[in-house]
K.L.:
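I'd like to ask some things about the structure below.
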Amino acid sequence: MLNGKKILVAVCGSIAAYKSAYLVRLLIKSGAHVRVVMSPSAKDFITPLTLATLSKHECYVDYTNNHKTNWNNHVDLALWADLMVVAPASAGTISKMANGICDNLLMGVYLSARCPVFIAPAMDEDMWKHGSTKANLKKLQVFGNSVISVNEGELASGLVGEGRMAEPDQIVQYLEAALTTAELLSGGKISKLKGKKILITSGPTFEAIDPVRFIGNHSSGKMGIALAEQAYKLGAEVQLILGPSALSVIKGIKVTPVTSAAEMYQACKKHFPSSDICIFAAAVADYAPKSPSKQKIKKSEKEFSLLLSKNVDIAQEFGKIKRKQQLSIGFALETNEALKHAKEKLKKKNFDLIVLNSLSEQGAGFKLDTNKVTIIDANNKIAKFELKSKEEVAIDILNKIQNLV
Ligand code: CTP
C-alpha cells in the first residue's frame, strides 16, 4: 500500500523521537521513499545521522547547511511529499501548527504542504488533556489534518496515563488504511463528516438458549467495522455497538461490545440522543428464546421445542423518534424481490438511505471481503454499485451520506 509513496516524516523534540527511527525503518521496508525533517530540539533526542542513515537520504533540520552555499527549500520538500506524518508531534509544535508560527524549517514545510498531514502526538498526560492542546488539535482537524490516537501507558515522567505516541507499526497501519479513504482519494479535501457523531451497529447478535448455546447468524461484522473505520478516518467521532465478532477495530473508534439484541438496543439508547448519524449495519436476530434456561439443557428429551419471542426492532424504534437533523441509514439483506423489500423497509423504519445487499449476488454477503450494493434514498432514487472491497463500499456509502449532511 505504501510502496512507492513519498512520505515526509517530521520529528519533534520529545522522548518518543527514538520511535521515529523505527517508523522510518518500517516505512522504508514497506517500499516508501522517505525524507525526514526535524525540529531543532529533536536533535537533543535523536541524531540527524541516525535518521539520515535509516531513510537513506540527507535529513533536514535548518534552512541553511553548514559549509554549503545552497539551502533547504521548504516548499520543494513539502511539494515532494504524497503525505506528511508528524511523529512525534510535541505539544509545542502542535500549537505552532494550529497557529501558523513559522520559526523553523519543519514549520515552513508544514505550512507549505498540500498533501494530507497526519499527526501522532506524544506528551505527558496533563499536557495531553489540557484544554489548549485539545483546542489546537481540533483546529488542526478542521484544517483537514488527521490525528492518530495516543496510547495509554507509562510516560516519560514516570506517570501512567494517556499521551504515549502510537507505536510505529500502528502509525504505519493507520497510514495504509488512510490511503484507501475518500479523503486521500479526493486529494485531502475537508470531509463533511468531520466532527460528526456517528452511531454504528454491526455484527450478529447471539440470543441465549442456555449458558452454552445460542441462536445467532453468520454476520462477521466486517461491513459495519469498515464503515466505522472509514468514517473515523474522515474525521467523525464513531461509536460502534458491536455484536460478537472475531475482528479487531482500529484505535480511536469507541467500541461497545454487546451480545444480544436487547443489549444492543440498550447501548444504542445511550448514544442515540447525541448522534448526528446512525447506521444500522447489524444483523440483529429477529427472535430470541423467551425463557433461556439457567442450566445447560440436557439431551434427555427425544424432541423439544423452543418458544421464541420477537426482539425489539432497533432501527425501527429509533426511526420513530428520529429528530429532523438526524440521519439514519439501514441495510437490507434479501434473497428475493430485493428492491421491493428494501423500499418497504426504507419507509417502515424511516431511513434516509437503505443499503441493499442481495445474497444471490456473487461476492456479496456474510464473511466475504467484498460486497455489491444498491443504495436507495428516501425519494426512491436508486444507485447501483459494482462488486468492491468492503472498504470501498463503505466509502461509497459515506459519500452518499455526505451528500445529505
Ligand atoms: N434491524 C434492527 N433491529 C432488528 C432487526 C433489524 O435494527 N431487530 C435493522 C438492521 O440492522 C437493518 C434493517 O433493520 O439495518 C433491516 O434488517 P433486516 O434483517 O434486513 O430486516 P428485518 O426488519 O429484520 O426484516 P426481515 O428479517 O423480515 O427481512
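Atom set for the values below is all heavy atoms of this structure, side chains included, hydrogens, waters and symmetry mates excluded. Order of listing sets the numbers, starting from 1, for every ligand and every atom in it.
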K.L.:
Would you please indicate if the ring centroids of Tyr265 and Phe318 are separated by under 6.0 Å?
P.N.:
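Yes.
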K.L.:
Can you classify the ring geometry of Tyr18 versus Tyr22 as parallel (below 30°), tilted (30 to 60°) or perpendicular (above 60°)?
P.N.:
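Plane angle over 60°, so perpendicular.
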K.L.:
How would you list, by chain and number, the residues with a heavy atom under 4.0 angstrom from ligand 1?
P.N.:
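Correct list: Phe280, Ala282, Val284, Asp286, Val312, Asp313, Ile314, Ala315, Gly330, Phe331, Ala332, Leu333, Lys345, Lys349.
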K.L.:
Under a 4.0 Å threshold between the charged nitrogen and the carboxylate oxygen, would Glu337 count as salt-bridged to Lys343?
P.N.:
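No, this pair does not count.
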K.L.:
Do Arg213 and Asp210 sit within salt-bridge range, that is, some charged N less than 4.0 Å from a carboxylate O?
P.N.:
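Judged by the 4.0 Å cut-off on N to carboxylate O distance, Arg213 and Asp210 do form a salt bridge.
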K.L.:
So, Lys348 and Asp313, do they make that salt bridge, N to O below 4.0 Å?
P.N.:
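The answer is no: the pair does not qualify as a salt bridge.
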K.L.:
Would you call Lys388-Glu391 a salt bridge at under 4.0 Å N-O?
P.N.:
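Looking at Lys388 and Glu391, the cut-off is not met.
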